[in-house]
Amino acid sequence: MGRRPRIELRHIRYVIAAAERGSFRRAAEALGVEQSAVSRRIRDIEEEIGGLLFRRHHGGVELTEVGRQFLDRAHAGMSEIGSALDAASLAARESSVLRVGFFDPLATGFQSQLFKSFRLDRPKVRLEFIEAGSAEQIAAVRRGQMDVGFVTEIPPGAGYELMHLWNEPIYVAMSVEDALAGRETVTWNDVANRHFIVTDMAPGPDAANYIRRHIEARGHAPRIERQAVTRESLLHIVSNGSGVTIVGSTVTGLGFPDVVFRPIEGAVLEFSAAHSSASTNPVVRHLLHLARGLSERDESWFAGQRLMRPSAPRRGRAGAPSQSPDPSK
C-alpha cells in the first residue's frame, strides 16, 4: 500500500479558492502557484476521502455534494484557526516582556519619546531595562538575553543587526572656573592635555574609548582616570575642578550647579538599535517600527531634543569632518 498524502492547510486553501472561482486555473493564479499544484493537492484530498470534491467540465469545475459538505466544515475549521492565530498574536503583543538595554539617560531625548509611544500602543507589555555598555549589550543580544539594545560605536557583526536612529553631539563638561568655560565651542586639541575622569559604570568604558581614540588620532597621549562613582557624582567631581569629562547632549539639559558644557567641534555619536538577526518577536518588530518612524521626524524636532537627524556626516576640506551645529542653541 502506498503512503497516504498528508493533508495540510494549503490543501484546504486550494479547495476554497477553486470553489470560489469555479476553476483550478483561476484558483492557481489567485494563489500564485502552478495549476498542477492545485489539481494535485485537491486530488490528494479526494483520494483520502474516497470521493470527488469537484465535477470537472470544459468551463471549469463545480462542487459535488461531497464537496459542499467538505467545504462547509473546512470554512468552519479555517475560521477557528484564524481566531486562534489572532488570539495568539494579541497575547504576544499585549502580554509579554521586552528587555531593553541602554546606557544614556532615559528621561530625555529620543528614547523617552520612543518608550512613551510604545507604552501607548502596547500598554500590557512590560519593559525591563538593563543598563550596560555597548559591548555588553551586543553580547546579551547575541545570547538572546536582551531583545533590543541602544548602542554606539558598534560596527556591523554576526548574530545581530543595527538600525541607525539618531546622532548626538558630544560636549566637554567642565567647571565654571575652567579657562575654556568662556568659549562657545572647543576642539579636541584644546582638551588633549586635560585630565579626563570617567565612571567605571556604563557608559564609562565607552566614553574612555571614545576619548582615547580621538585624542590619540591627534598625536597626544590621553590622561583618563576611572572612578567608581555614578554619572551624577562624576559631574559633581567635575564641578570642583578635579577634571573634565564628556557627555552626550541630552545630559546638558539636566542641569548641574557650577558645571558648563561646551560642544566639541565635529564630535558626534551615532546611536543605533541592535537586535538579534534571528528574532521574529512581533513586539520587537513593533518597537523597531516606532523607532524608525521617530528617526524620520523633521530636523526641528531633533534640534528641540538636543539631537541630530541620522544623516551622513558632512565633510570639510581635505576630508576632515566639518563642524556640527549645536542643536541646543
So, taking the atom named CZ in R126 and the one named OG in S96, what distance separates them when rounded to the nearest 0.5 Å? 10.0 Å
Can you establish whether the number of heavy atoms outside H195 located under 6.0 Å from its atom NE2 is more than 12? yes
Ring-ring centroid check F115 F129, cutoff 6.0 Å: yes
So, S233 and T230: side-chain donor and acceptor under 3.5 Å apart, yes or no? yes
Hits for ring pair (Phe, Tyr, Trp, His ring centres under 6.0 Å) against F24, two or more places apart or cross-chain, chain-then-number order -> F54
Can you check side-chain contact (heavy atoms from CB on, under 4.5 Å) on V33 and Y14, steps first, answer last? CA-CA 10 Å; V33 298; Y14 291 171; 3.8 Å; yes
Is it the case that the side chain of R223 and the backbone of N193 share a donor-acceptor pair, with hydrogens and angles ignored and the cut-off at 3.5 Å? yes
Quick one: does E62's side chain have a donor or acceptor within less than 3.5 Å of a partner on R55's backbone? no
Closer than 3.5 angstrom, by distance alone: can the side chain of D206 be matched with the main-chain N or O of S134 as a donor-acceptor pair? yes
Walk me through whether H289 and R285 qualify under side-chain contact (heavy atoms from CB on, under 4.5 Å). CA-CA 6 Å; H289 171 74; R285 290 201 301 272; over 6 Å; no
Between the CD atom in E232 and the CZ atom in F256, the distance rounded to the nearest 0.5 Å is 5.5 Å
Taking side chain as C-beta onward, heavy atoms only, is F70 less than 4.5 Å from L63? no
Quick one: does P169's side chain get under 4.5 Å of P263's, heavy atoms only? no
CA sep, side-chain torsions, deciding dist, call: L114, L287, side-chain contact (heavy atoms from CB on, under 4.5 Å): CA-CA 8 Å; L114 173 61; L287 178 66; 3.9 Å; yes
Return yes when atom CD of E177 has more than 12 non-hydrogen atoms of other residues, nucleotides or ligands closer than 6.0 Å, and no otherwise. no
Contact between V244 and I197 at the side-chain level, heavy atoms closer than 4.5 Å - yes or no? no
Tell me if a side-chain donor or acceptor on T252 pairs with a main-chain N or O of S249 at a distance below 3.5 Å. yes
So which residues get pulled into Y160's cluster when ILVMFWY side chains under 4.5 Å apart are joined, directly or through others? I130, I138, V141, M146, V151, I154, L162
NE2 of H164 to CZ of R292, rounded to nearest 0.5 Å, is 9.0 Å
With D200 via side chain to side chain contact (heavy atoms under 4.5 Å, CB included) - residues at least two apart: R226, A228
If you count heavy atoms of other groups shown closer than 6.0 angstrom to CD of E34, is the number above 12? no
Mind checking the CD-CG spacing from Q69 to L53? Nearest 0.5 Å is all I need. 11.0 Å
Look at the side chain of S242 and the backbone N and O of V238, then say whether any donor-acceptor pair between them is shorter than 3.5 Å. no
Does the pair E168 and F110 meet the rule for a side-chain contact (heavy atoms from CB on, under 4.5 Å), with working shown? CA-CA 10 Å; E168 189 159 340; F110 189 98; over 6 Å; no
Less than 4.5 Å apart, side chain to side chain, heavy atoms only: is that true for D190 and L180? yes
Would you say T250 and R306 make side-chain contact, with heavy atoms under 4.5 Å? no
Assess, by modelled atom type and distance only, whether the side chains of N281 and S279 contain a donor and an acceptor separated by less than 3.5 Å. no
From CG (L120) to NZ (K116), nearest 0.5 Å: 10.0 Å
Does L52 belong to the same Ile/Leu/Val/Met/Phe/Trp/Tyr cluster as I42, with side-chain heavy atoms less than 4.5 Å apart forming each link? no
Using modelled atom types and a 3.5 Å cut-off, is there a donor and acceptor pairing between side-chain atoms of R309 and backbone atoms of R297? yes
Does the side chain of W166 reach to within under 4.5 Å of the side chain of F150, using non-hydrogen atoms? yes
Distance-only side-chain donor-acceptor flag, D178 / S175, under 3.5 Å: no
Distance-only side-chain donor-acceptor flag, E225 / Q227, under 3.5 Å: yes
Test side chain to side chain contact (heavy atoms under 4.5 Å, CB included) applied to R143 - qualifying residues, sequence neighbours left out: A139, A140, Q145
Can you tell me if E265 and T185 form a side-chain donor-acceptor pair at under 3.5 Å? yes
Does either side chain, that of D147 or that of H275, offer a donor lying less than 3.5 Å from an acceptor on the other one? no
Quick one: does D258's side chain have a donor or acceptor within less than 3.5 Å of a partner on V176's backbone? no
Which pairs pass ring-ring contact (aromatic ring centres under 6.0 Å, His included) with one or both residues in residues 223-243, sequence neighbours excluded? none
Quick check on the hydrophobic clustering: are M201 and L235 connected, directly or via other members, by side-chain heavy-atom contacts under 4.5 Å? no
Taking the side chain from R262 and the backbone from A181, do they hold a donor-acceptor pair closer than 3.5 Å? yes
Do the non-hydrogen side-chain atoms of Y171 and T245 ever get within less than 4.5 Å of each other? no
Rounded at 0.5 Å granularity, tell me how far CD in E131 sits from CD in Q137. 9.5 Å
Side chain to side chain, E153 and L269, heavy atoms closer than 4.5 Å: yes
Backbone N or O of P222 within a donor-acceptor pair of the H220 side chain at under 3.5 Å? no
Would you find a donor on one side and an acceptor on the other, under 3.5 Å apart, between the side chain of R26 and the backbone of R21? yes
Report the residues that fulfil ring pair (Phe, Tyr, Trp, His ring centres under 6.0 Å) with H214, sequence neighbours left out, ordered by chain and then residue number. W188, Y210
